[in-house]
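Taking it in order: structure first as structure tokens, then the write-up.
For the single chain, residues carry numbers from 1 onward in sequence order. Atoms considered below: every heavy atom in the structure, side chains included; atoms not considered: hydrogens, waters and symmetry mates.
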Amino acid sequence: MAITKTIAEDKIEVVGDYKLLQIRTATIIKEDGTELTRSFHRKGLDPGSIDGSNNYTQRDVSAESAEVKGIAAAVWTSTVHDAWKAKLIADKG
């Protein structure tokens, strides 16, 4: 009887004008090759953040998978970063 646990990013979505990333991770438990359970965890990543003085810092994705890093690099252009920063500043009121 061999029980295995596999964790994999099974869905990465790019959403909206600001190219927010939504990442779904599946945890799969199998016994002798037969799936017993599957559960999901989701997280979202935005392009960056501002501090109290409106200084912008791009999101650090260095701990993410190579696939997420590649997608972030492709979609988080300077235009997206500029628009996201402007939105964050506007939302502060």
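- In this structure, Gln58 CD and Ser49 OG are separated by 10.5 Å, a value rounded to the nearest 0.5 Å.
- Clustering of Ile, Leu, Val, Met, Phe, Trp and Tyr by side-chain heavy atoms under 4.5 Å joins Ile12 with Val14, Leu21, Ile23, Leu45, Val61, Val68, Ile71, Val75, Trp76, Val80.
- Applying the ring-ring contact (aromatic ring centres under 6.0 Å, His included) definition to pairs two or more places apart or across chains, those involving residues 54-74 are Tyr56-His81.
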**Report entry** Thr6 vs Thr27, side chain to side chain contact (heavy atoms under 4.5 Å, CB included): CA-CA, chis, key distance, verdict
**Finding:** CA-CA 6 Å; Thr6 305; Thr27 302; over 6 Å; no

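- Applying the salt bridge (Lys or Arg N to Asp or Glu O under 4.0 Å) definition to pairs two or more places apart or across chains, those involving residues 1-10 are Asp10-Arg24.
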Validation: residues 82-93 side-chain donor-acceptor distances under 3.5 Å, sequence neighbours left out:
from: Trp84; atom 1: NE1; to: Gly48; atom 2: O; distance (Å): 2.9
from: Lys87; atom 1: NZ; to: Asp91; atom 2: OD2; distance (Å): 2.4
from: Lys92; atom 1: NZ; to: Gly52; atom 2: O; distance (Å): 3.3
from: Lys92; atom 1: NZ; to: Asn54; atom 2: OD1; distance (Å): 2.8

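- Between Thr37 and Ile28 the shortest side-chain heavy-atom distance does not fall below 4.5 Å.
- Remark: Leu36 CG to Ile3 CD1 distance equals 7.0 Å, nearest 0.5 Å.
- Among residue pairs with one or both ends in residues 49-67, those qualifying as salt bridge (Lys or Arg N to Asp or Glu O under 4.0 Å) are Lys43-Glu64, Asp46-Arg59; sequence neighbours excluded.
- The side chain to side chain donor-acceptor pair (under 3.5 Å) contacts involving residues 12-22 comprise nothing, where partners must be two or more places apart or lie in separate chains.
- A ring-ring contact (aromatic ring centres under 6.0 Å, His included) check over residues 20-52, counting only residues at least two apart or in different chains, returns nothing.
- Judged as a salt bridge (Lys or Arg N to Asp or Glu O under 4.0 Å), the pairs with a partner in residues 31-40 (not counting sequence neighbours) are, in order, Glu35-Arg38.
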